[in-house]
Structures are given as C-alpha cells and as structure tokens.
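Letters A, B, ... are given to chains in the order of the sequence lines, protein chains preceding strands, and every chain is numbered from 1. Everything quoted here is computed from the prediction, not taken from an experiment.
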There are 2 protein chains.
Amino acid sequence: MLADPIQTLRDHGIQPSAQRVEVARYVLDTDEHPSADRVWEVVRERQPTISRATIYNTLNLFVEHGLLRTLLLSEGHVVFDPKTNRHHHFVDEATGRIVDVPWDALDVGRIDELPFEVADYQVVLRGRLS
Amino acid sequence: MLADPIQTLRDHGIQPSAQRVEVARYVLDTDEHPSADRVWEVVRERQPTISRATIYNTLNLFVEHGLLRTLLLSEGHVVFDPKTNRHHHFVDEATGRIVDVPWDALDVGRIDELPFEVADYQVVLRGRLS
DNA sequence: GCATTGATTTAGACTGAGTCTAAAACTGGA
DNA sequence: TCCAGTTTTAGACTCAGTCTAAATCAATGC
C-alpha cells in the first residue's frame, strides 16, 4: 500500500499534480509489471480525461527520478516495476504474467570472475506457473 | 563460419531460396545479436533488391524452425541470436553491444526450489565492457 | 519450350508502442 | 486578478513489426 503518494513524489523531487498522484497510486503499488497502455487503462477509470501523453511523460519522469524501473520482459512493449531493490523475474509463457522472485531465492555465483564491469544483473526465468 | 547454408536450411525443412541463403550467411554466423533492420542493412550490401518484408519473413521462419532465438535485451527492438544452446548475456550500457556469456561461467543455484515450472532461464548482466 | 502450380518475394499499407509539439489549462505567488 | 512557469492535452509523428495483393520465381509435366 502506497501510504502517501503526494509525499512520495515530493520526496523524489516531483511536483504532485493530480494526474501524477493518480498514476503513482496505481503504478507504484502494483506487482503487475504493467505496460504503459495498461497504466493508462487503469488510471482512466479514476480520471477519464487523463491523456496518453501524460501517462508516458509521467512514467518516464518516475523512471528518471528512481521511482520505477523499465524492464524488457514482454514482446512488443516495455513494462514498469516499482520495486527498485534487486530481484529476479519469472515470466509465464502462457499468460505473459510476470512474477517477482526474491533476490535470495537464487544463488548466482562467479559474477566477479567475468571480464566486465557489471553494474546490474538478474535472472530471467520463463515457463509456467504451477 | 557457416559451412553450408544451403544444407543447413534444408536440414531444418526450409527451402533455400537465394534470399534466405543470404540472410542465413549473415545472421546464423554472427555474434552481433542484430536487430531485423541491421540484418536488412547488411544483407542489402550483397543483395540490393531484397525487401524488408522478406527479412522479417525469413527471420521469423528461422525462429520457427529453431535456427534462431529472439531476445529482449535492447530497448525498442528484438534482437536475434543464432546460438541456440544455453548461455547468458551481457549488455554494454554505453554501446548497446551484446556479448554471449558461456553457460558454465556462472553458477545459478536453487532454480528447482522455485514454485514454477521453469522451462528456460538466463542471467542478464548490464554494465560496461572493460 | 511452354503452361501450370505452388512457393517466395516485393512494395507498400497498416498497426501499435513510444515520442514530440503547440496550444490550452493549471498552479502558485505577487 | 495577473503573470510566469509548469503541466496536460490532442493529435501528429516515427519506427518496429505485420499483413496483403500482385509479381516473380522455380519445379514439374507434357
């Protein structure tokens, strides 16, 4: 539950306009990993005049301010993830549903032996939800 | 080096038209992880009349026949990977370059403890090439 | 060599995700 | 109330990926 979306936005240097607050209420509190158009669909239920450009602008603003991360897990569109702490993802190939996997549920060894400067990594799993 | 693209296509149940052979020569023998438009750019050097629809049709055909895999590693487009054996990927955030990481270079533990039927997984790393 | 048939390619229209822009609307301070 | 700065809006635009009708190609049979 996002306790105080207005304060959350202010804490991240974002002016809390009515539109941004409604977007935040949903996207910063969901584990759906929605697309931008899914966000628009949901927020329009509560705020019918909100425009598609505002949705894209607001999502991109939240990403820039560290409130959201973009993920490339679905074909054809990016998805948004409010959990900014490290974790893995499972993608159900039947439904497209994306599920967070706790960081400590998997052990990943020998990253430091690779000849790269690794800034970030995650395990992406695909299959079927049991 | 792709020794015999014509035979490779025949072995995978694909009629080896001149266009498909040229696409195969490049895309089944590169470690670039190219986009569809990059494939078109390269193949057009050798075969200037090939159309963009043929490129997409041919890449999709190769995916269907197990010669290629699609990957969601770059924003804005899918990339194609001829290595169909399991491996991980590193994405250079500065250049966008994608590098294969051998399967055995990393240890991933406790996949079987997850509450999913996992069909496939890989580690996706991002950072800078040293 | 020609006709026929089935497969493939082509050119470009189309769709949808994501971006951009000018005008309108909003908000806060004076 | 006015003004300046910010935000939102409506829709045009770009580009990745798909679709389609017509053209082309290739193989086969006569």
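Atom CG in B:Leu72 sits roughly 16 Å away from atom C1' in C:dG18 (whole-Å rounding). A:His77 has its NE2 atom 15 Å from the C1' atom of D:dG17, to the nearest Å. Across the protein-nucleic acid pair, A:Glu64 atom CD and C:dT19 atom P stand 10 Å apart, rounded to whole Å. For the pair B:Asn57 CG and C:dA7 C1', the computed distance is 12 Å after rounding to whole Å. C:dT10 atom P lies 12 Å from atom CD of B:Glu22, rounded to whole Å. Look at CH2 on B:Trp40: it is 15 Å from P on C:dT9, rounded to the nearest Å. Spacing between atom CD1 of B:Ile55 and atom C1' of D:dC19 amounts to 17 Å, rounded to whole angstrom units. The separation between B:Ile14 atom CD1 and C:dT9 atom P is 11 Å, rounded to whole Å.
Regarding contacts with the backbone of C:dT10, a side-chain N or O of B:Gln19 is found under 4.0 angstrom from either OP1 or OP2. Contact between the side-chain N/O atoms of B:Arg20 and the OP1/OP2 oxygens of C:dA7 is not found at any separation under 4.0 Å. In this structure, A:Ser17 reaches the D:dT8 phosphate: one of its side-chain N or O atoms is under 4.0 Å from OP1 or OP2. Residue A:Gln15 places no side-chain N or O under 4.0 Å from the OP1 or OP2 atom of D:dT6.
Backbone-only contact: B:Asn60 has heavy atoms under 4.0 Å from sugar-phosphate atoms and none from a base. Using a 4.0 Å heavy-atom distance criterion, A:Ser35 is classed as making no nucleic acid contact. Among the heavy atoms of the strands lying under 4.0 Å from A:Asp37 are primed sugar atoms or P, OP1, OP2 only; no base atom is included.
Distances were taken from every side-chain heavy atom of A:Ala53 (C-beta onward) to each of C:dC20, D:dG17, C:dT10; the shortest belongs to C:dC20. Of the listed nucleotides (D:dT7, C:dT10, C:dA7), C:dT10 has the atom at the smallest distance from the side chain of B:Ile50. Listed nucleotides D:dT18, D:dT8, D:dC19 differ in distance to A:Thr54; the shortest reach to its side chain belongs to D:dT8. Set against D:dG17, D:dC19, D:dT8, the side chain of B:Tyr56 has D:dG17 as its closest nucleotide.
Using cut-offs of 30° and 60° for the angle between ring planes, the B:His33 and B:His87 rings count as tilted. Using bins of under 30°, 30° to 60° and over 60° for the plane-to-plane angle, the ring pair B:Phe90/A:Phe116 lands in the parallel bin.
How far NE2 of A:His12 is from CG of A:Leu61: 11.0 Å, rounded to the nearest 0.5 Å.
A salt bridge is defined here as a Lys NZ or Arg NE, NH1 or NH2 lying under 4.0 Å from an Asp or Glu carboxylate O, and B:Asp107 with A:Arg110 meets this definition.
For the residue pair A:Glu64 / A:Asn60, no side-chain donor-acceptor distance below 3.5 Å is found, with atom types taken as modelled.
For B:Arg52 against D:dG17, a side-chain N or O and a base N or O form a donor-acceptor pair under 3.5 Å.
Following chains of ILVMFWY side-chain contacts shorter than 4.5 Å, one can reach A:Val23 starting from A:Val63, so the two form part of one hydrophobic cluster.
The nearest heavy atom of DNA chain D to A:Gln47 and to B:Gly76 marks one nucleotide each, and the one closer to the 5' end goes with A:Gln47.
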